[in-house]
There are 2 protein chains.
Amino acid sequence: MAKHSILETLNDSLRKDTLDEISTMRFPPGQVLFSAGEHCRGLPLVLGGSIKVQMTGVSGHGIVLYRMGADDICTLSIGCLMTGRGYRAEAVVEEAAEVAIIPKGLFDRLMDQSADFRLAIMESYGRRLDDLMLLVEEVAFHRMDERLEEWLLARATQGQRVLTITHQELGVELGTAREVVSRLLKELERRQQVKLARGKIELTGLVSGLTTA
Amino acid sequence: MAKHSILETLNDSLRKDTLDEISTMRFPPGQVLFSAGEHCRGLPLVLGGSIKVQMTGVSGHGIVLYRMGADDICTLSIGCLMTGRGYRAEAVVEEAAEVAIIPKGLFDRLMDQSADFRLAIMESYGRRLDDLMLLVEEVAFHRMDERLEEWLLARATQGQRVLTITHQELGVELGTAREVVSRLLKELERRQQVKLARGKIELTGLVSGLTTA
DNA sequence: TTGCCCTCTGTGACTTTATCACTGAAGCAA
DNA sequence: TTGCTTCAGTGATAAAGTCACAGAGGGCAA
């Protein structure tokens with residue numbers, strides 16, 4: 001049964017109706033939930049797993065905009081749902097994900113009848129705007145070596161020691177070219193902070209923050 | 001009296017209440033409507049003029065995120081309003097602006113009682129997310145000379161022939177350094193596409209698109 | 001096992017952009 | 001005029017993006 005904190009905002013009656021109307025689906029890694037241009041079928045609630053949202057520019061380059069995990073709402077879908085426009089980005093499952101979709105009719109009803117539901121939706125929107133503003137700042141003003149180290153460090157603190165990712169994919173994460181990633185990683189390897197192998201990056205000695213001082 | 005398309009979404013009774021409760025204010029160019037860290041006092045409706053929203057990163061650099069004009073809603077404020085967090089960006093008046101502020105209590109009531117009002121708010125959110133996603137792509141993948149020319153061209157098509165702006169300000173528009181803007185403008189002057197003077201840029205012969213081909 | 005092929009990685013050469021440091025010009029006010 | 005402040009121009013250098021290509025790794029079919 002669907003378990004998502006936004007359901008907690010509903011009173012018993014609405015929650016029951018909602019649980020009756022939605023069904024949860026499971027998606028394997030690599031599955032594309034929606035791609036650019038597609039139309040929106042409802043508001044996806046992420047119950048678990050990890051989904052990345054990325055866009056591909058006119059230049060042909062891609063960049064990861066943000067990730068969604070357990071208890072997240074796919075805020076991006078709301079705009080498409082309300083205006084009928086197609087998605088501008090695509091969503092790809094990273095870790096096997098569980099998703100429930102709230103159909104438009106039900107969404108409208110929940111927005112109408114629950115102030116707490118509205119609040120949760122608005123909060124989600126606010127957070128997403130914040131995320132994107134921070135990303136703009138990051139992309140515009142931060143050095144690529146710092147951004148790469150921060151990205152790796154974030155994985156390291158999640159307990160991951162060996163990452164399975166290609167330089168190309170890492171380039172999309174950071175919005176840069178594969179060659180740039182390769183060169184920066186090689187430099188990190190020279191400093192003994194990582195060990196490289198085809199499709200793998202082993203984190204051996206990343207130092208937070210101070211490596212660029 | 002306040003004139004804003006979102007008021008059209010309200011029925012007569014709610015509109016009357018709203019008009020009773022809000023008052024419009026005028027702000028001169030340069031006026032700061034809110035700055036980073038400040039808390040939100042209500043949802044601003046832009047009735048006229050032009051307001052730019054920009055943020056300053058940890059790096060100390062600024063970048064213009066988007067602009068608001070007549071009939072816009074300051075979507076950014078909603079998140080702050082609902083969560084109580086401070087603003088992450090600042091809003092500065094460019095052309096003398098007229099603004100009405102919907103206090104939180106009234107906003108909650110309108111969200112509760114008008115489906116059309118909700119729709120308008122959601123649409124506004126959706127558009128803003130789109131804007132920011134496009135900006136990320138722009139900043140990450142487009143060349144600075146193209147972005148500068150596009151920026152100037154947009155002004156040219158608005159009928160402006162002489163822009164009053166410094167290279168520093170133009171740098172903030174594009175999220176780059178003043179020197180970069182100076183050099184690129186100098187190159188455009190060599191190609192007879194602009195004439196430069198202290199604090200002014202005269203657009204003499206900008207060619208759309210093909211200059212970089 | 002061998003050979004083939006496709007993907008991934010490494011790297012040189014060059015362009016574009018960012019940063020730093022400094023110079024000089026334009027406007028303003030005492 | 002002198003002095004001050006802001007704005008613009010530019011050389012030197014570092015970082016990042018682009019292009020082109022070489023070679024390594026790994027899977028798979030013969």
Side-chain angles (χ1 to χ4, degrees), chain A residues 30 56-63 135-152 162-191 193-202 211-213, chain B residues 30 56-63 135-152 162-191 193-202 211-213:
Chain A
T56 301
V58 288
S59 50
H61 292 86
I63 183 170
L135 181 60
V136 168
E137 200 263 336
E138 175 110 354
V139 168
F141 303 127
H142 290 337
R143 293 175 42 129
M144 198 50 79
D145 55 354
E146 294 175 26
R147 291 181 55 209
L148 174 60
E149 287 189 47
E150 278 164 23
W151 195 95
L152 294 173
V162 179
L163 311 181
T164 301
I165 190 172
T166 66
H167 299 182
Q168 175 62 51
E169 289 167 326
L170 207 30
V172 172
E173 289 291 330
L174 300 171
T176 187
R178 197 264 314 160
E179 300 92 312
V180 174
V181 172
S182 288
R183 275 191 256 262
L184 291 173
L185 282 174
K186 211 64 194 167
E187 178 59 28
L188 286 180
E189 191 175 45
R190 267 177 228 116
R191 294 196 217 145
Q193 298 182 317
V194 301
K195 275 186 198 164
L196 302 176
R198 185 188 174 91
K200 305 262 180 223
I201 302 171
E202 185 182 347
T211 45
T212 53
Chain B
T56 301
V58 289
S59 50
H61 292 88
I63 184 171
L135 181 61
V136 168
E137 201 264 336
E138 175 109 355
V139 168
F141 304 126
H142 290 337
R143 293 177 46 130
M144 200 49 81
D145 54 355
E146 293 175 26
R147 292 179 55 208
L148 174 60
E149 287 189 46
E150 278 165 24
W151 196 94
L152 294 173
V162 179
L163 311 180
T164 300
I165 190 172
T166 65
H167 299 183
Q168 174 61 50
E169 289 166 327
L170 208 31
V172 172
E173 288 291 331
L174 301 171
T176 187
R178 197 260 315 158
E179 300 91 312
V180 174
V181 173
S182 290
R183 275 191 255 260
L184 291 174
L185 282 174
K186 211 64 195 167
E187 177 59 28
L188 286 181
E189 191 176 45
R190 267 178 228 118
R191 294 196 217 147
Q193 299 183 315
V194 300
K195 276 187 198 164
L196 301 176
R198 184 189 174 89
K200 306 263 179 222
I201 302 172
E202 184 182 349
T211 46
T212 52

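Naming convention: chains lettered A, B, ... in sequence-line order (proteins, then strands); numbering from 1 in each chain.
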Self-check item: Value rounded to 0.5 Å, distance of CZ in B/R178 from OG1 in B/T166
Solution: 9.5 Å
Practice problem: Would you classify B/R183 as touching base, sugar-phosphate or nothing, given that sugar-phosphate means primed atoms plus P, OP1 and OP2, and contacts are heavy atoms under 4.0 Å? | Solution: base
Self-check item: Heavy-atom donor-acceptor pair, B/R143 side-chain to C/dT17 base, under 3.5 Å
Solution: no
Exercise. Using atom CZ of A/F141 as one end and atom C1' of C/dT17 as the other, report the distance to the nearest whole Å.
Key: 13 Å
Practice problem: Starting from P on C/dT16, measure out to NE2 on B/H142 and report it in whole angstrom. | Solution: 17 Å
Quiz item: Nearest to the side chain of A/S182 - C/dA25, C/dG10, C/dC20?
Solution: C/dG10
Practice problem: Enter the inter-axis angle for the ends of the helix from C/dT1-D/dA30 to C/dA30-D/dT1 (five pairs per end, rounded to 10°). | Solution: 10°
Exercise. Describe the nucleic acid contact of A/H61 in one word from base, sugar-phosphate, nothing, applying a heavy-atom distance below 4.0 Å.
Key: sugar-phosphate
Quiz item: Could you give the CD-to-P distance, from A/E179 to C/dG12, as a whole number of Å?
Solution: 14 Å
Quiz item: Any idea which of C/dG10, D/dA15, D/dG9 is nearest the A/L196 side chain?
Solution: C/dG10
Quiz item: Short question: side chain of A/E149, backbone of A/E146 - any donor-acceptor pair under 3.5 Å?
Solution: no
Quiz item: Could you give the NZ-to-C1' distance, from B/K200 to C/dA25, as a whole number of Å?
Solution: 17 Å
Practice problem: Evaluate side-chain hydrogen bond (donor to acceptor under 3.5 Å, both in side chains) for A/H142 paired with A/E137, printing each intermediate quantity in order. | Solution: CA-CA 8 Å; A/H142 290 337; A/E137 200 263 336; 3.2 Å; yes
Quiz item: What's the closest nucleotide to the A/M144 side chain, out of C/dT11, D/dG17, D/dC7?
Solution: D/dG17
Quiz item: Does the pair A/R191 and A/E187 meet the rule for a salt bridge (charged side-chain N to carboxylate O under 4.0 Å, His left out), with working shown?
Solution: CA-CA 6 Å; A/R191 294 196 217 145; A/E187 178 59 28; 3.5 Å; yes
Quiz item: Can you tell which of D/dG9, C/dT11, C/dG27 lies closest to the side chain of B/R178?
Solution: D/dG9
Quiz item: Which whole-number value in Å describes the distance from A/E189 CD to C/dC8 P?
Solution: 18 Å
Quiz item: Within a strict 4.5 Å, meaning less than it, do heavy atoms of the B/E169 and B/V172 side chains meet?
Solution: no
Exercise. Starting at atom CG of A/L163, determine the distance to atom P of C/dT9, rounded to an integer number of angstrom.
Key: 12 Å
Quiz prompt | Nearest-nucleotide 5' precedence on DNA chain C, A/G199 against A/A140 | solution = A/G199
Quiz item: Do B/L148 and B/T176 come close enough that some side-chain heavy atom pair is under 4.5 Å?
Solution: no
Quiz item: Choosing from D/dA8, C/dA21, D/dA16, which nucleotide comes nearest the side chain of A/V180?
Solution: D/dA16
Quiz item: Are OP1 or OP2 of D/dG17 and a side-chain N or O of A/T176 less than 4.0 angstrom apart?
Solution: yes
Self-check item: Salt bridge present between B/E189 and B/K186 (N-O < 4.0 angstrom)
Solution: yes
Quiz item: Between D/dT6 and B/H167, is there an OP1 or OP2 to side-chain N/O distance shorter than 4.0 Å?
Solution: no
Quiz item: What is the distance, rounded to the nearest whole Å, between atom CZ of B/R190 and atom P of D/dA8?
Solution: 16 Å
Quiz item: Is it true that a side-chain atom of A/R147 and a backbone atom of A/L174 form a donor plus acceptor pair closer than 3.5 Å?
Solution: yes
Self-check item: Nucleotide D/dA8, atom P - distance to CD of B/E187 in whole Å
Solution: 18 Å
